[in-house]
Amino acid sequence: NLNNIGLIYLNEGKDSLALATYLEATAYFQNLNLKSYEGSAYQNIGLIYSRDKRFSDAIDNYIQALRIFQGINNKAAVAELYNNIGALYK
């Protein structure tokens with residue numbers, strides 16, 4: 001899926017291609033109502049922004065992912081996102 005393609009780009013250091021893929025993925029998964037995949041895409045966008053030191057953008061995307069994962073009761077993902085958000089404030 002698009003998240004896997006984005007991950008390949010991310011692992012190759014092609015952050016701009018990864019970001020474009022994840023942005024496309026959010027709309028794609030939202031249209032298909034695939035909440036878990038959509039949440040993962042937002043989480044990965046947050047990761048890219050965090051690496052680029054765009055902390056406000058990272059938090060916005062982490063919060064979007066957090067809301068999605070809370071809505072589907074994915075407690076592990078919620079905990080991970082709280083950790084990611086907290087790490088930006090240290």
Side-chain angles (χ1 to χ4, degrees):
N1 71 38
L2 288 171
N3 281 334
N4 292 337
I5 294 169
L7 182 61
I8 291 168
Y9 287 138
L10 199 59
N11 288 336
E12 291 178 347
K14 299 176 181 176
D15 287 7
S16 61
L17 286 174
L19 180 60
T21 303
Y22 290 133
L23 290 169
E24 180 184 347
T26 60
Y28 179 77
F29 294 133
Q30 184 176 41
N31 286 336
L32 294 175
N33 200 34
L34 296 171
K35 294 297 185 187
S36 183
Y37 290 118
E38 181 186 0
S40 293
Y42 279 113
Q43 186 172 6
N44 290 330
I45 292 168
L47 172 66
I48 291 169
Y49 285 145
S50 177
R51 286 170 42 162
D52 289 343
K53 300 191 182 337
R54 293 175 58 183
F55 300 122
S56 179
D57 292 327
I59 289 170
D60 289 345
N61 282 276
Y62 283 152
I63 289 172
Q64 184 68 24
L66 180 66
R67 289 181 181 143
I68 291 168
F69 286 128
Q70 286 172 330
I72 61 173
N73 201 32
N74 185 332
K75 293 177 183 177
V78 167
E80 184 177 344
L81 282 157
Y82 278 129
N83 186 57
N84 292 351
I85 292 167
L88 294 177
Y89 285 101
K90 65 177 188 174

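Numbering starts at 1 and runs along the sequence shown.
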Checklist outcome for this item: Scanning both residues in full, the closest heavy-atom pair of Ala58 with Gly46 reads CB-O, 3.4 Å
Next on the checklist: Quick check: do Asp60 and Tyr42 have side-chain heavy atoms less than 4.5 Å from each other?
Outcome noted: no
Donor-acceptor pairs are to be reported for all side-chain atoms of residues 61-80 against protein atoms at under 3.5 Å, with residues two or more places apart or in another chain.
{"residue": "Asn61", "atom": "ND2", "partner": "Asp57", "partner atom": "O", "Å": "2.9"}
{"residue": "Tyr62", "atom": "OH", "partner": "Leu47", "partner atom": "N", "Å": "3.4"}
{"residue": "Gln70", "atom": "NE2", "partner": "Tyr82", "partner atom": "OH", "Å": "3.3"}
{"residue": "Asn74", "atom": "OD1", "partner": "Ala76", "partner atom": "N", "Å": "3.4"}
{"residue": "Asn74", "atom": "OD1", "partner": "Ala77", "partner atom": "N", "Å": "3.0"}
{"residue": "Glu80", "atom": "OE2", "partner": "Gln43", "partner atom": "NE2", "Å": "3.1"}

Checklist outcome for this item: For Leu19 and Ile48 the tightest heavy-atom approach is N-CD1, 3.6 Å
Checklist entry - Considering only heavy atoms from C-beta outward, does the side chain of Ile8 approach that of Asn11 to under 4.5 Å? => result no
Checklist outcome for this item: CG (Asn4) and OH (Tyr9) are apart, to the nearest 0.5 Å, by 12.5 Å
Item to check | Asp15: salt bridge (charged side-chain N to carboxylate O under 4.0 Å, His left out) partners, not counting sequence neighbours | outcome: Arg51
Checklist entry - Is Ile59 linked to Tyr49 within one hydrophobic cluster, defined over Ile, Leu, Val, Met, Phe, Trp and Tyr using a side-chain heavy-atom separation of less than 4.5 Å? => result yes
For residues 23-38, which side-chain donor-acceptor pairs fall under 3.5 Å, sequence neighbours excluded?
{"residue": "Thr26", "atom": "OG1", "partner": "Leu23", "partner atom": "O", "Å": "2.7"}
{"residue": "Asn31", "atom": "ND2", "partner": "Ala27", "partner atom": "O", "Å": "3.3"}

Item to check | Close side-chain approach of Leu88 and Ile85, heavy atoms under 4.5 Å | outcome: no
Checklist entry - In Å and rounded to the nearest 0.5 Å, what is the OG1 to CG distance from Thr21 to Leu7? => result 11.0 Å
Checklist entry - Which heavy-atom pair separates Ala18 from Gly6 by the least distance, and what is that distance? => result CB-O, 3.4 Å
Checklist entry - Can Ile5 be reached from Leu17 by stepping across I, L, V, M, F, W or Y side chains whose heavy atoms are under 4.5 Å apart? => result yes
